[in-house]
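Input: a single structure, listed below in structure tokens.
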Amino acid sequence: MEKGESALVAEMRDNLARMRELGVEPYPRRSERTHVSSEIVEAFDTLEGTEVAVAGRLMSVRGHGKAGFADLVDGGGKVQLYVRKDEVGEEQYELWKLVDVGDIVGARGEVMKTKTGEVSVKVKSVAVLAKALKPLPEKWHGLKDKELRYRHRSLDLIANDDSRRVFLLRSRMLRVSREFLWERGFVEVETPILQPNYGGAFARPFTTHHHSLGMDLYLRIADELYLKRLIVGGIERVFEIGKDFRNEGMDRTHSPEFSQLELYQAYADYHDMMEITESLVARLAVELLGTTKVTWGDREIDLSPPWRRLTVRDALVEAVGEEALGSAAALAAAAKAKGLDVEAPVEFGPLAEDVLSTLVEPKLVEPTFLIDYPKAISPLAKETPEDPETVERFEFFIGGLELGNSFTELNDPDEQRRRFELQEAQREGGDAEAQGMDEDFVFALEHGMPPTGGLGIGLDRLAMLLTGAPNIRDVILFPPMRPDRQA
RNA sequence: GGGCCGUUAGCUCAGCUGGUAGAGCACCUGCCUUUUAAGCAGGGAGUCGCUGGUUCGACCCCAGCACGGCCCA
């Protein structure tokens with residue numbers, strides 16, 4: 001036994017060696033498969049008595065002396081193998097006895113049913129397709145340890161059906177989202193992840209360096225400014241599904257690397273974006289879950305449109321009272337009275353955002369569009385007709401989760417330049433999350449961008465909602481983790 | 001960043017008031033040609049997260065650290 005190697009591993013390695021002694025290559029190049037397990041189980045009546053070839057992982061082996069049963073799991077599900085010494089012969093039965101739970105095997109044989117009614121393959125020949133050298137997690141508790149599940153997702157997927165379901169559902173979420181947008185005439189594109197400037201959101205970026213250009217580049221924090229260039233370019237309905245990166249804290253709902261769907265539609269505004277949002281989310285629920293009702297914690301949430309529209313102003317009035325909205329000082333006082341940790345001096349916009357995220361958003365369990373935000377915290381959105389300090393913007397919330405952000409896009413290039421300049425001043429004033437000037441984006445706007453509605457949806461959180469997952473890491477296949485430093 | 005909780009066999013977990021560690025699954029040996037959490041009999045398996053400290057003696061008490069979880073900022 002090598003250092004650190006358990007007895008179980010030694011046994012599996014020993015079986016590997018003995019397979020080779022029998023002249024069997026445990027990692028062959030070729031395999032055969034005529035059916036996946038689900039096909040055999042579902043079409044048993046027509047397949048009974050015919051010969052099939054199956055392949056997959058052995059998840060359970062039950063020996064009976066000169067015979068044995070095993071559960072073979074493949075992409076379709078599970079089918080039982082029935083291996084008899086008098087069917088496979090002496091040599092093959094020797095090989096069968098060297099097979100461990102976890103091994104990838106192929107088997108050829110006749111479709112049959114046991115007397116207990118289990119659809120099975122009565123094996124004529126068996127092949128080892130990949131010998132496993134490490135034991136699987138326990139068979140009926142699965143792999144529970146969250147750390148191990150996140151660090152070793154392959155094991156989690158083998159051992160936990162729930163985990164596999166989550167990620168298959170997530171895949172279908174992407175597919176249905178694309179179908180939905182294609183039906184509406186949207187075009188999928190890819191824009192740069194490595195960017196000389198970052199923008200489109202408030203966040204600290206990840207910085208990297210390109211050696212041959214001799215320059216620093218940023219990993220994008222949003223897709224927005226490139227997608228709007230495409231609207232200028234005449235691609236009137238455009239979307240991108242991809243990763244954004246924000247160099248911020250991690251918690252139950254934040255991952256530094258996360259997936260976002262962003263879409264832009266020319267000749268549309270944020271009302272149209274609300275309709276798209278409601279329709280898409282409801283469609284996803286129906287297609288993936290068969291119902292518009294999702295379970296979230298101990299609540300049931302109905303995602304059927306139309307969703308509630310709540311103005312930021314009304315939300316703030318309800319949270320801190322109308323008097324508090326008169327000035328930044330009044331709002332600060334009211335926020336402090338509600339227990340918020342307010343550091344003076346704070347401007348109205350960021351303060352309002354604080355109040356919203358602490359006192360309002362967690363209560364937005366039923367699907368809600370929070371609409372009409374302060375301009376000061378929305379440098380890319382167009383003003384409302386009623387109030388130049390308010391913009392046509394919404395964020396939407398379900399189950400207390402912020403799931404997305406949308407504007408009627410600002411398309412006045414001069415106004416956009418002024419907004420960027422204000423942001424730059426804030427950045428110089430020490431706000432690391434303020435957005436920088438993007439001259440090339442303004443250059444594009446100067447050629448004329450049609451009135452446009454834009455929308456971003458956080459796909460990880462949407463996947464959380466649709467699967468009931470309490471932690472964003474539960475819906476990210478390989479979530480970022482600190483290195484596992486063994487002493 | 002702060003508070004609380006966790007880390008014991010490959011996995012899931014027990015472990016009392018400090019006296020050198022247990023179960024189930026998995027694994028090994030034997031029996032078993034329709035089992036499916038197969039069964040019966042027997043057996044092996046541990047750096048108790050890491051480093052220090054207290055103590056005659058530490059999985060257990062104390063301190064620090066690491067990783068993770070929940071909550072708060």
Side-chain angles (χ1 to χ4, degrees), chain A residues 1-16 18 37 41 58-73 77-90 92-93 96-103 109-123 132-152 154-156 158-160 163 248-254 297 335-336 338-343 354-355 357-359 362 400 469-474 479-487:
Chain A
M1 203 196 303
E2 286 173 32
K3 188 183 158 204
E5 205 174 68
S6 76
L8 287 76
V9 169
E11 182 62 34
M12 295 174 89
R13 285 195 170 274
D14 192 46
N15 286 341
L16 171 79
R18 288 161 66 188
S37 56
V41 172
L58 291 184
M59 293 299 285
S60 168
V61 177
R62 300 174 290 280
H64 282 268
K66 297 183 181 65
F69 295 90
D71 294 337
L72 181 131
V73 171
K78 182 189 96 176
V79 68
Q80 179 170 264
L81 302 183
Y82 179 32
V83 183
R84 294 170 58 109
K85 190 172 181 178
D86 57 11
E87 286 279 341
V88 300
E90 195 84 32
Q92 284 257 293
Y93 205 72
W96 177 251
K97 286 198 284 191
L98 299 177
V99 157
D100 292 302
V101 170
D103 289 358
E110 203 172 273
V111 176
M112 53 145 332
K113 223 175 223 182
T114 64
K115 70 179 183 192
T116 56
E118 177 97 12
V119 175
S120 307
V121 174
K122 186 154 64 169
V123 175
L133 298 174
K134 290 250 195 288
L136 254 29
E138 208 258 6
K139 69 179 172 191
W140 76 76
H141 293 103
L143 187 66
K144 290 216 159 134
D145 187 297
K146 283 227 169 193
E147 186 170 353
L148 291 178
R149 293 180 56 187
Y150 297 150
R151 289 193 193 279
H152 304 295
S154 50
L155 287 184
D156 178 39
I158 291 169
N160 297 318
S163 182
E248 297 171 338
M250 298 163 67
D251 62 28
R252 205 170 60 77
T253 59
H254 292 85
K336 261 186 191 159
K338 292 280 182 183
L340 268 71
D341 187 18
V342 179
E343 290 165 33
D354 253 21
V355 172
S357 65
T358 311
L359 300 178
N471 192 310
I472 198 167
R473 286 177 164 182
D474 296 329
M481 301 280 282
R482 285 199 165 89
D484 179 21
R485 279 204 277 138
Q486 316 250 13

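Quick note on labels: first sequence line is chain A, next is B, and so on, each numbered from 1.
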Rounding to an integer number of angstrom, what distance separates C28(B) and A66(B) when you compare their P atoms?
40 Å
If we take the C1' atom in both C25(B) and A63(B), what is their distance in whole Å?
38 Å
Gap in Å between the two P atoms, one belonging to C16(B) and one to G49(B), rounded:
14 Å
Quick one: label Lys144(A) by what it contacts on the DNA or RNA (base, sugar-phosphate, nothing), any heavy atom closer than 4.0 Å.
sugar-phosphate
Does G46(B) pair with anything, Watson-Crick or G-U wobble, both distances under 3.5 Å, and if so, with which nucleotide?
none
Look for any protein N or O under 3.5 Å of an N or O in nucleotides 3-6 of chain B and output each such pair with its distance, or none.
none

Quick one: Met481(A) CE to A66(B) C1', roughly how many Å, whole number?
13 Å
Is Lys113(A) salt-bridged to Glu118(A), cutoff N-O under 4.0 Å?
no
Ignoring backbone atoms, establish whether Arg84(A) has a side-chain N or O less than 4.0 Å from OP1 or OP2 of U34(B).
no
Output the rounded distance in Å from OH (Tyr150(A)) to C1' (G69(B)).
8 Å
Ignoring hydrogens and angles, are the base of U34(B) and the side chain of Glu118(A) linked by a donor-acceptor pair under 3.5 Å?
no
Mind telling me whether Phe69(A) and Tyr82(A) have parallel, tilted or perpendicular rings, with 30° and 60° as the class edges?
parallel
Residue whose nearest RNA chain B nucleotide is more 5′ - Gly117(A) or Gly142(A):
Gly142(A)
Check this for me, if you would: do Asp71(A) and Arg62(A) make a salt bridge, where the nitrogen-to-carboxylate-oxygen distance has to be below 4.0 angstrom?
yes
Checking Glu138(A) against Lys144(A) for the side chain to side chain contact (heavy atoms under 4.5 Å, CB included) test, could you report, in this order, the C-alpha distance in whole Å, the side-chain angles of both residues, the deciding distance, and whether it holds?
CA-CA 10 Å; Glu138(A) 208 258 6; Lys144(A) 290 216 159 134; over 6 Å; no
So, is Arg252(A) near the phosphate of C71(B), with a side-chain N or O under 4.0 Å from OP1 or OP2?
yes
Which nucleotide in the list G68(B), U35(B), C32(B) gets nearest to the side chain of Thr114(A)?
U35(B)
Which is true for Arg149(A) with a 4.0 Å heavy-atom rule: it touches a base, it touches only sugar-phosphate, or it touches nothing?
nothing
Minimal heavy-atom distance between Ser120(A) and Val79(A), with the atoms involved, is CA-CG2, 4.5 Å
Closest to the Arg62(A) side chain: U12(B), U35(B), U33(B)?
U35(B)
Can you check the Lys97(A) NZ to C31(B) C1' distance for me, whole Å?
12 Å
Anti or syn, where syn is a glycosidic angle within 90° of 0; which label fits U20(B)?
syn
Of the listed C11(B), C32(B), U35(B), the closest approach to the Leu148(A) side chain comes from C11(B)
From CG of Asp86(A) over to P of U34(B), roughly how many Å is that when rounded to an integer?
11 Å
For nucleotides 26-30 of chain B, which of its nitrogen or oxygen atoms have a protein nitrogen or oxygen under 3.5 Å away, and what is each distance?
from	atom 1	to	atom 2	distance (Å)
A26(B)	OP1	Lys139(A)	NZ	2.7

Would you mind telling me which of U33(B), U34(B), U12(B) lies closest to the side-chain atoms of His141(A)?
U12(B)
Measure the distance from CG on Asp474(A) to P on C70(B) and round it to the nearest whole Å.
8 Å
Please determine, for the side chain of Ser120(A), which listed nucleotide (U35(B), C11(B), C32(B)) has the closest atom?
U35(B)
Spacing of the C1' atoms in A21(B) and U29(B) (rounded, Å):
25 Å
